[in-house]
Amino acid sequence: MTALKAVIRIDRFISNATSLSRSQVQRVIRAGRVRVDGVQIKKASLPVRLDAEVYLDESMVAPPLPRYFMLNKPIGVVSAAHDPSQRTVLDLFDVPKRTGLHIAGRLDIDSSGLVLVTDDGQWSHRITAPSNHCPKSYAVTLAEPLTAGQISKLETGLLLKGETKPTKPATVEQLSALELRLTITEGRYHQVKRMFAALGNHVEGLHRLSIGGLLLDQSLLPGEYRPLTPREVGLF
Ligand code: URA
């Protein structure tokens with residue numbers, strides 16, 4: 001399905017595409033100033049296709065273009081849109097209408113590295129849907145060196161505490177005694193930390209390097225982000 005077949009609320013459609021805030025849009029909708037495919041509407045939550053013909057008074061509202069960013073998440077920031085007490089990934093974004101954005105794959109507060117942020121739900125679904133087995137690579141720093149037997153368990157699959165289904169085979173590239181690059185194709189809760197806990201080890205540092213074929217841009221300092229290029233968007 002293409003992005004243009006996607007459906008969003010009419011108030012979000014207009015506020016994403018114009019300089020009006022959501023509440024200003026809701027007022028103009030209630031005032032009967034909006035037409036969708038030729039029909040006057042008065043319900044702000046009405047779902048509309050992104051390729052619908054939307055008019056505000058006599059001006060056509062061009063469909064909002066989806067936005068895609070990569071962020072180098074710093075340690076200490078929560079992968080959430082809102083948090084009452086801690087800085088969130090979205091707090092780092094200084095862009096208009098940032099409340100329309102969401103995170104395509106979380107990282108723990110004490111993990112760093114590549115986080116993708118978008119307002120295109122179908123695109124993020126392709127990344128996060130378990131059935132798509134999108135590979136994610138992490139630089140992992142461990143408390144204890146791994147044995148060859150433990151590496152082979154990671155490569156074949158192991159049982160996480162409280163679970164009955166083994167993990168899918170992971171790829172392990174040893175970088176030094178305590179550092180390795182791990183690639184997994186699942187996104188279970190705290191998966192990497194739990195994989196090493198299952199081996200009696202402990203993750204001291206976790207940094208995401210890539211998602212699918214998309215590598216974290218090494219020029220981004222922790223906390224910095226940039227829009228994805230069309231080629232990068234097309235990877236998913
Ligand atoms: N696995 C974890 O345990 N933590 C993360 O942040 C990402 C993957």
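Small disclaimer: the values here were computed from a predicted structure and weren't measured. Just so you know, ligand 1 is whichever comes first in the structure, and atom 1 is the first atom listed for that ligand. Values below: all heavy atoms of this structure, side chains included; hydrogens, waters and symmetry mates excluded. Just so you know, residue 1 is the first one in the sequence shown, and it goes up from there.
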Indicate yes or no: does [X] engage [Y] in a salt bridge with an N to O separation below 4.0 Å.
X: Lys73; Y: Glu224; result: no
X: Lys165; Y: Glu186; result: no
X: Arg208; Y: Asp108; result: no

## Note on the structure
Numbered in order shown, the ligand 1 atoms found under 4.0 Å of a heavy atom of His190 are 1 (N), 2 (C), 3 (O)
### Message
Out of all atoms in ligand 1, which are within 4.0 Å of some heavy atom of Ser111? Include the element for each.
### Response
4 (N), 5 (C), 6 (O)
For ligand 1 and [X], I'd like to know whether there is a polar contact (N/O to N/O, distance under 3.5 Å).
X: Asp108; value: yes
X: Tyr138; value: no
X: Leu107; value: no
X: Arg194; value: no

#### Entry: Proximity to ligand 1 by part of Leu206, non-hydrogen separation under 4.0 Å
side chain
#### Entry: Nearest non-hydrogen protein atom, atom 1 (N) of ligand 1
Val192 N, 3.1 Å
### Query
Given side chains that start at C-beta, do those of Leu159 and Thr167 come closer than 4.5 Å, heavy atoms only?
no
### Query
Would you say the side-chain atoms of Thr185 pair up with the backbone N or O of Cys134, donor to acceptor, closer than 3.5 Å?
no
### Query
At what distance, to the nearest 0.5 angstrom, does OG of Ser137 lie from CZ of Arg181?
6.5 Å
